[in-house]
Asker: 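My questions all concern the structure below.
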Amino acid sequence: MPLHRSHALAALALLALAAVALPATAPAAAGPPPEAVCGVCTDDAFGGTVEHSEAVVHIRDDGSANWTVHATVDERTARELRDAPAVRRDRVRGELTRRTVVDEVANLDTRVENRTLVATFTTADFADRGVGGVVVADGLFPSHEAASVTVHADRLAVHGPAGTAPTLVPDAATVQGDAIVWTGETGIGSETYLAFGADGGLVATGTSYLAVGMAIVGRSLPGVLSVALVPTLLFGAVLVGLFREGDRLGPDRTGDGLAARIGLAAGAATPLLLAAGVVLFLYGANTVRWGADPSAFAGLTLVSLVPQTLVAAGSAALFALWGDRISLDSYAWWVFPAAAGCWLVIVGATGPNRILGTWTTTVLLFLLLGAAHERGTLAALPVAVVALLAPTLAALPYFTPWARPAYTLVLWTVGTLVPGVALYALGRRESARPGLTESPETEETTAEAA
């Protein structure tokens, strides 16, 4: 009995759901405990006697920060701290640097006013000057990259240098005057950037986002490049090969029915990837011998390739069924580089979720590449550049506390390039129709002939 269309759609939906859900079942190592912003403000500081606390941070022009902390303690603790200045100083220094974002303190001064401990000190490298003179502060990052950060103070206020205003404010904070303020105990994640500009206007805010983006790239780029180097080289080799020998995959060689063949092949590969991935994952997760973890991660990677394989199959099926309606030949040459540029902006702007975008949609760039290359090399070059950036985008989320090993990115690369070359050939075929819109190279050739 033939498979009903609704049954086929349901089966595909289940496969996609399994591909997304199964990686979440991977065992995750427990992360380190949260770190505090203010060590003397926590519930367990000074034997748990802190009743109320406030911390105020003033960023200086050189990027250092002056801190002023007020912590109200009970009468007994206040008396102990008041009567032993040397001991008080050592205890405060220990509390300030114990599981907090503060690694070292300088110019520490402490005193006790009634029942309130007052501590002032300086920390270095709290902020840097970014593009456009924007002050970008990453001083609230934890000392352990896998830890989260919690504001234990009843009030935490961070002021920029004199003459600046907050331009990038976390969701959990508010703006009060020239300060970014948190009230009450709240978590602020592990990578909380603050920014201060000359004013709070639209231009300064936009510049702040650019400055923070550049700071993020600069912070992670060395590690990203080390992970993405081999995948980028593989992408580059395939792209060079397509530019040199792509005519062999053109419409004269592919013949009719290419879309249907690609759809069938990708559809057949989907359950194979899923089955192989599940077997490898279960083997790795239930084996204590050497090589168990690589097997588990390789299995997860194969399963993670299922959505992109389905995207390739679905794209080919669309052309097989409605190729005449899609009519790639009716679009101007610049549409394909523009579409690749939009892909780069949308995927690149999704933060840690960009791994979902790159792992599921990069294969579509090769369809655009084929369509553009049929119009000419100048039309295809921008698309190729975007495709060459895909491994770097896919590698950026690897620098998180629960990152996968680097070899999984190589597996993703192979799993992307194989259907990608097929979609490149499909793009060339669908773009090579009698109504072809002329590319810049075609227009130049026509003008010379005239």
Asker: Can you check whether Val238 reaches Val421 side chain to side chain, under 4.5 Å on heavy atoms?
Answerer: yes
Asker: Counting only heavy atoms not in Asp44 (residues, nucleotides, ligands), do more than 12 fall under 6.0 Å from its CG?
Answerer: yes
Asker: Just so I know, are the side chains of Val311 and Leu364 near enough to count as touching, which here means a heavy-atom distance under 4.5 Å?
Answerer: yes
Asker: Going by distance alone, is a donor N or O of one side chain under 3.5 Å from an acceptor N or O of the other, for Arg88 and Thr110?
Answerer: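 Thr110 and Arg88 do have a side-chain donor-acceptor pair below 3.5 Å.
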Asker: Do His70 and Leu117 make a side-chain contact, defined as non-hydrogen atoms from C-beta onward lying under 4.5 Å apart?
Answerer: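 His70 vs Leu117: side chains apart.
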Asker: Is a donor on one side and an acceptor on the other found under 3.5 Å between the side chain of Ser431 and the backbone of Ala371?
Answerer: yes
Asker: Considering only heavy atoms from C-beta outward, does the side chain of Thr416 approach that of Phe235 to under 4.5 Å?
Answerer: yes
Asker: Before giving the answer on side-chain hydrogen bond (donor to acceptor under 3.5 Å, both in side chains), spell out for Thr362 and Gln308 the whole-Å C-alpha distance, their side-chain angles and the decisive distance to 0.1 Å.
Answerer: CA-CA 8 Å; Thr362 297; Gln308 181 160 247; 4.6 Å; no
Asker: Looking only at heavy atoms, what is the nearest atom pair of Ala313 and Gly267, with distance?
Answerer: CB-N, 3.9 Å
Asker: Apply side-chain hydrogen bond (donor to acceptor under 3.5 Å, both in side chains) to the pair Thr72 and Thr116, showing each step before the final yes or no.
Answerer: CA-CA 4 Å; Thr72 302; Thr116 300; 3.2 Å; yes
Asker: For salt bridge (charged side-chain N to carboxylate O under 4.0 Å, His left out), just list the numbers for Arg111 and Glu113, CA-CA rounded to whole Å, side-chain angles, deciding distance to a tenth of an Å, and then say yes or no.
Answerer: CA-CA 7 Å; Arg111 63 183 186 275; Glu113 299 175 353; 2.8 Å; yes
Asker: Kindly say whether the aromatic ring centers of Tyr193 and Phe141 come within a distance under 6.0 Å.
Answerer: yes
Asker: About how many Å separate CG of Leu423 and CD1 of Ile262, when rounded to the nearest 0.5 Å?
Answerer: 5.5 Å
Asker: Hey, does Val118 have a side-chain heavy atom less than 4.5 Å from the side chain of Val112?
Answerer: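 No, too far: nothing below the 4.5 Å cut-off.
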Asker: Can you classify the ring geometry of Trp67 versus Phe121 as parallel (below 30°), tilted (30 to 60°) or perpendicular (above 60°)?
Answerer: parallel
Asker: Going by salt bridge (charged side-chain N to carboxylate O under 4.0 Å, His left out), name the pairs with one or both residues in residues 60-79, residues two or more places apart or in two chains.
Answerer: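 Pairs touching residues 60-79 that pass the test: Asp61-Arg129, Arg76-Glu80.
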Asker: Taking atom CD of Glu104 as the centre, does the number of heavy atoms from other residues, nucleotides or ligands within less than 6.0 Å exceed 12?
Answerer: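 Atom CD in Glu104 is not packed in, count stays at 12 or less.
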Asker: Indicate yes or no: at least one non-hydrogen side-chain atom of Leu81 is less than 4.5 angstrom from one of Arg91.
Answerer: yes
Asker: Would Glu185 and Thr150 count as a side chain to side chain contact (heavy atoms under 4.5 Å, CB included) if you check the C-alpha gap in whole Å, the side-chain angles of each, and the deciding distance to 0.1 Å?
Answerer: CA-CA 7 Å; Glu185 182 172 337; Thr150 302; 3.7 Å; yes
Asker: Side chains of Ile59 and Val158: closer than 4.5 Å at any heavy-atom pair?
Answerer: yes
Asker: Closest heavy-atom contact between Leu156 and Val37?
Answerer: CD2-CG1, 3.7 Å
Asker: Can you confirm whether the side chains of His58 and Asn66 place a donor and an acceptor under 3.5 Å from each other?
Answerer: no
Asker: What distance do Asp109 atom CG and Thr68 atom OG1 have between them, rounded to the nearest 0.5 Å?
Answerer: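 So the CG of Asp109 and the OG1 of Thr68 are separated by 10.0 Å.
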Asker: Between Phe319 and Leu328, is the side chain to side chain contact (heavy atoms under 4.5 Å, CB included) condition met? List the steps.
Answerer: CA-CA 10 Å; Phe319 283 100; Leu328 290 184; 3.8 Å; yes
Asker: Before you tell me yes or no, could you show the steps for Ser304 and Trp412 under side-chain hydrogen bond (donor to acceptor under 3.5 Å, both in side chains), namely the whole-Å CA-CA distance, both residues' side-chain angles and the distance that decides it to 0.1 Å?
Answerer: CA-CA 8 Å; Ser304 298; Trp412 166 81; over 6 Å; no
Asker: When you look at Leu108 and Arg89, which way does the side chain to side chain contact (heavy atoms under 4.5 Å, CB included) test go after all the steps?
Answerer: CA-CA 8 Å; Leu108 176 62; Arg89 181 183 176 90; 4.0 Å; yes
Asker: Whether Arg99 and Glu35 form a salt bridge (side-chain N of Lys/Arg under 4.0 Å from carboxylate O of Asp/Glu) is what I want to check.
Answerer: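 Arg99 and Glu35: not salt-bridged.
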Asker: Compare every heavy atom of Gly177 with every heavy atom of Pro166, then report the nearest pair and how far apart it is.
Answerer: CD-O, 4.2 Å
Asker: Could you check whether atom CG of Asp83 has more than 12 heavy atoms from other residues, nucleotides or ligands sitting under 6.0 Å from it?
Answerer: yes
Asker: At what distance, to the nearest 0.5 angstrom, does CG of Leu367 lie from OG1 of Thr361?
Answerer: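 With rounding to 0.5 Å, CG (Leu367) is 12.5 Å from OG1 (Thr361).
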Asker: About how many Å separate CD of Glu374 and CZ of Phe336, when rounded to the nearest 0.5 Å?
Answerer: 10.5 Å
Asker: Using a 4.5 Å cut-off on heavy atoms from C-beta on, say whether the side chain of Cys342 contacts that of Val345.
Answerer: no
